[in-house]
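Down below is the structure, laid out as structure tokens.
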Amino acid sequence: DGGITQSPKYLFRKEGQNVTLSCEQNLNHDAMYWYRQDPGQGLRLIYYSQIVNDFQKGDIAEGYSVSREKKESFPLTVTSAQKNPTAFYLCATLGRVNSNQPQHFGDGTRLSIL
Amino acid sequence: AQSVAQPEDQVNVAEGNPLTVKCTYSVSGNPYLFWYVQYPNRGLQFLLKYITGDNLVKGSYGFEAEFNKSQTSFHLKKPSALVSDSALYFCAVSRGGNFNKFYFGSGTKLNVKP
């Protein structure tokens, strides 16, 4: 989706290192989400944010942190506390929080351990 | 507990034949239903949604889906499959409201053989 940019496309993490995944959107959407995708498990929600300077934990938040200082940006940090970080990470947005619209997705970041 | 089930990990169909990818859900209230498609190393692309009204909804690339309230199902269909339809398909359900949490199935890999 051209309106959501995730970077980098591939990322490698060393033992004990924190890494940050970028998600930027120019859709003027209110809500932003981070998902983790593992083979055969669908998408699992890590964190979400409905408004600037506010965010909530999803189903698998342990070992991750986020910030939402600007409407356009929702970076995800994978900390050293996340012992199994290898996965495909997807950022999504939603125009309005209580709408019936679909989410829009970026093209993902694939994180691997060195 | 809210859940979405895609009972088939993989569906194989010959080009030109009809295809069906199954989805059932267990979500309270009147949920919104979505289908997405994912190509390798890409994000999810929206195909179609059911909000209310006609039980048969039409979407992108000739896909349609049939909503069945009594069976809590939302199966994806296409009358004539193309090789280019080969991809991973996700069913998703949203309850709307103040926080639009989306529940995703585990995905079904569609293989269309020439």
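A, B, ... follow the sequence lines: proteins, then strands. Residue 1 opens every chain.
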(Q) Between B/Phe46 and A/Phe105, does the ring pair (Phe, Tyr, Trp, His ring centres under 6.0 Å) criterion hold? Intermediate values first, please. (A) CA-CA 9 Å; B/Phe46 168 69; A/Phe105 285 83; over 10 Å; no

Q.
Checking B/Ser28 now: which residues fulfil side chain to side chain contact (heavy atoms under 4.5 Å, CB included) with it, not counting sequence neighbours?
A. B/Gln2, B/Arg95

Q: Select one option (side chain, backbone, both, neither) describing which atoms of A/Tyr89 are under 4.5 Å from chain B's heavy atoms.
A: neither

Q) Of the backbone (N, CA, C, O) and the side chain (C-beta and beyond), which part of A/Gln37 lies under 4.5 Å from a heavy atom of chain B, both, or neither? A) side chain

Q: Could you state whether B/Val37 and B/Val93 fall into the same hydrophobic cluster, counting links through intermediate Ile, Leu, Val, Met, Phe, Trp or Tyr residues with side-chain heavy atoms under 4.5 angstrom apart?
A: yes

Q | Pair A/Tyr35 + B/Phe104: ring centers closer than 6.0 Å | A | yes

Q: Give a yes or no on whether B/Val27 and A/Tyr33 share a hydrophobic cluster (residues Ile, Leu, Val, Met, Phe, Trp, Tyr; joining criterion: side-chain heavy atoms under 4.5 Å apart).
A: no

Q | B/Tyr103 and A/Leu43, any side-chain heavy atoms less than 4.5 Å apart | A | no

Q: May I ask you to decide if B/Gly43's main-chain N or O and A/Asp107's side chain share a donor-acceptor pair within less than 3.5 Å?
A: yes

Q: Tell me the residues of residues 49-82 of chain B whose non-hydrogen atoms fall below 4.5 Å from those of chain A, in number order.
A: B/Lys49, B/Ile51

Q: Name the member of A/Pro102, A/Ala31, A/Gly42 that forms the most heavy-atom pairs with chain B at distances under 4.5 Å.
A: A/Pro102

Q) Using non-hydrogen atoms and a limit below 4.5 Å, what part of residues 53-66 of chain A faces chain B? A) A/Asp59

Q.
Per the salt bridge (charged side-chain N to carboxylate O under 4.0 Å, His left out) rule, what does the pair list look like for residues 12-26 of chain A, sequence neighbours excluded?
A. none

Q: Would you mind reporting whether B/Gln38 and A/Leu90 have side-chain heavy atoms less than 4.5 Å apart?
A: yes

Q. Quick one: what part of B/Tyr39 sits under 4.5 Å from any heavy atom of chain A, side chain, backbone, both or neither?
A. neither

Q: Carefully, step by step, assess A/Tyr10 and B/Asn41 under the rule side chain to side chain contact (heavy atoms under 4.5 Å, CB included).
A: CA-CA 10 Å; A/Tyr10 299 94; B/Asn41 292 313; 4.2 Å; yes

Q) For A/Asn84, does the CG atom have more than 12 heavy-atom neighbours from other residues, nucleotides or ligands under 6.0 Å away? A) yes

Q | Joint cluster assignment, B/Leu47 & B/Leu110, ILVMFWY side-chain distance < 4.5 Å | A | yes

Q: For B/Lys22, look at atom NZ and say whether over 12 heavy atoms of other residues, nucleotides or ligands are found less than 6.0 Å away.
A: no

Q.
Do B/Phe102 and A/Leu45 have side chains that approach each other closer than 4.5 Å (heavy atoms only, starting at C-beta)?
A. no

Q | Same apolar cluster (I L V M F W Y, side chains within < 4.5 Å links), B/Trp35/B/Val11 | A | yes

Q.
Quick check on the hydrophobic clustering: are B/Leu44 and A/Leu94 connected, directly or via other members, by side-chain heavy-atom contacts under 4.5 Å?
A. yes

(Q) Once rounded to the nearest 0.5 Å, what's the spacing between atom CD of B/Gln45 and atom NE2 of A/His104? (A) 12.0 Å

Q. Counting only N and O atoms by type, is there a donor-acceptor contact under 3.5 Å from the side chain of B/Tyr36 to the main-chain atoms of A/Gln103?
A. yes

